[in-house]
Amino acid sequence: MSALLEVQHITKVFGGGLFSRSSTVALENFSLAIASEPPTITAVVGESGSGKTTLARILLGLETPTEGQVLYQGKDLQGLSTAEWHSFRRDVQVVFQDPFEVYNPFYKVDHVLNAPIARFGLANSRPERQKLIEEALEAVGLRPENTLGRRPHQLSGGQRQRIMVARALLMRPRLIVADEPVSMIDASLRATVLGNLRQLNEEFGISVIYITHDLTTAYQISENIIVMYSGSVAEAGDIGLVVKQPQHPYTQLLIGSVPQPDPDRRWNTEAATGSSTVAADGSACCKFVARCPHAMPKCAEDMPPLYQTDPHRLAACYLHEESPALQAEEMASVFVGRGQAGS
Amino acid sequence: MTAAAGANGESAQRSAALRVENLHVHYATPEGAVRAVDDVSFSLEAGERFGLVGESGSGKTTLAMALLRMIKPPGQIESGQVWLDGQDVLSLSGEGMRQLRLAGIALVAQGSMNSLNPVTRIRRQLLDGMKDHADGQVEADGETVAAKMGRREQDDYVRELLARVGLEPQVASMYPHELSGGMKQRVCIAMAISLRPKVIIADEPTSALDVVVQMQVMETLRRVQEEVGAAVILVGHDMGIMAQFVDRVGVMYAGKLVEVSPVREVFRRPLHPYAHLLIDSVPSLEEKDDLEGIPGLPPSLVERPTGCLFHPRCPHAAADCASLEQTLEEVQPVRWVACHRVREIHDLEPVPGGQ
């Protein structure tokens, strides 16, 4: 059985054209297969510039990879027929990071909810359409009567983002790519919106790719995590394992920097100041080498493969050289299904 | 003892770096006045770190802006008093207020790294603020302000400011686009401390930054704030950062302060039912919880509920909550809560000598 959506060995390079001096590798040799069965929530976590938004855009077909393929139900996105595109567009939904750019300021916010209903024929009558919209809005904690009929500038960024989540819910897709969906929502409503995503996953069997820089919310809703650093996978696998016993030095830094909601557990300020004695030369090296406290000469010479340190976890770091190495496209094989996750 | 005096803790009024009494800020709308800040009183001691938390629309940013007198129409400070280091802020002239900003009370705004001028070098931007806001003033420790410094003194001072926030001296001659987000935010912190203010207001200073950078920026802010001796008001909704940074927390709901307590107490045993739900909704890396937000929605500030504003969402609401307006009371030493059922809910002893 082929995966719902699969990326194989994708690399995305920006710039480097005729008039630019340098190019940026946003994503390097990344492979991931997203099965529709069992439906899971996979978090993609990394800092700005780690390539996570580029990955989201490639998964959505908004960006073409420089190298590699994106397959929807086994077919290359580039070669889909019109009917297949239509079904791809409905099956794979998105919630973008920025709730300001997605609205046309001349339309009322109803437009973003009406348009997909009309486009995909989700409702047969006006009352039915209204009911669908109101249910979706209430599910994300908005009052329909205070929301519909407004223009985007009359709503806060948080409210606008919740409408975008409601829009994705309307479609009952098989996969939602959520790119920082709650970074602009209030903390008290974050839980509600993430709970909605969880609920969609459990009740409607929708898989979710949850792209975020926030490890805490990722931990709360996901089974598996992919930690990205500078376009490559640093660590991946069962989120419980990765969060509790991180193996890659970057993951350790990341987790040490999370502000814990407990005044007696101080964040780990020493980890952040760690710098390395090994200088990076060229691109074929571990991307983290310049910041890594454990850097070895070897790290600057070659890119570490994914070492399987546990049955359900991979770490791309030479510290774990004794573990068996896996090919990039085998990453998803260590992922856990729902309910299996350790914690 | 009034709520205003008491929220200050035990300390004498004179030592307060900032004292806010019964502050009201209203926004005029076609539907009527929105009470964005409603009878808020609190005070800060010199060097204290105070966190203002609440949902969006709870009035925390409006309160912060009111302290700087930067509320724009249709907003207006209706009534109340703000004392900064013994100076009556609300009675100052426009020019007097302009001089007080940055010199007496400085702001590190949300996304303030985007407020740097893209075509001006960092050195010039640091000095411009100082020249503009401290015309003729001489600082407490005798340092003259930028306008009166010679070129070399200015260079030295810029270097010192940058060093304080952990930036290299060559940053002075750079343009903002040459700096990362974290570095730009550090420049903004350098700017905020350039005239050694008594109070720094930091409105979600790290909301656009990655966790590693966020920690570095917050640690920088903590260090310079301690060195300069400024009090900090940290506005935000990230309870993790609050737990790591502040000494005392003020929880806002619908324009009112509903609980003011030391940070440890708030996290260990929040007393106000809203504060309790707020703390409970904070996810942690410790264990997977059920994802539960706070039930219901924040009230419309135009048609506000009667009595306690939180009663429609409160799990402990009783019949009289809809009629009794709540004010902050000291229910335990240094813990101020606006809920008349709080003693009953938590089985507290009355405070000896309290109200």
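This is a predicted model, so every value here is computed, not measured. Below, chains carry the letters A, B, ... as their sequence lines are ordered, and counting in each starts from 1.
- Evaluation of the ring pair (Phe, Tyr, Trp, His ring centres under 6.0 Å) rule for A/Tyr210 yields no partner, not counting sequence neighbours.
- Smallest separation of non-hydrogen atoms from A/Ser257 and B/Met215: OG-CE, 3.6 Å.
- Looking at A/Gln260, its side chain never comes within 3.5 Å of a backbone N or O of B/Gln244 through a donor-acceptor pair.
- Partners of A/Ser230 under the side-chain hydrogen bond (donor to acceptor under 3.5 Å, both in side chains) rule, at least two apart in sequence or in another chain, do not exist in this structure.
- Nearest heavy-atom pair, A/Tyr219 versus B/Ser284, reported as atom, atom and distance to 0.1 Å: CD2-O, 3.6 Å.
- Between A/Gln220 and B/Pro283, the closest heavy-atom pair is CG-CB, 3.5 Å.
- How far CG of B/Leu285 is from CG of A/Asp262: 12.0 Å, rounded to the nearest 0.5 Å.
- Taking 4.5 Å as the limit, some side-chain heavy atom of B/Val212 sits within range of a side-chain heavy atom of A/Arg291.
- Distance check: A/Asp214 CG to B/Asp210 CG gives 11.0 Å after rounding to the nearest 0.5 Å.
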Taking it one step at a time, do B/Val211 and A/Leu215 satisfy side-chain contact (heavy atoms from CB on, under 4.5 Å)? CA-CA 9 Å; B/Val211 279; A/Leu215 266 165; 5.7 Å; no
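- Smallest separation of non-hydrogen atoms from A/Pro259 and B/Ile241: CB-N, 3.7 Å.
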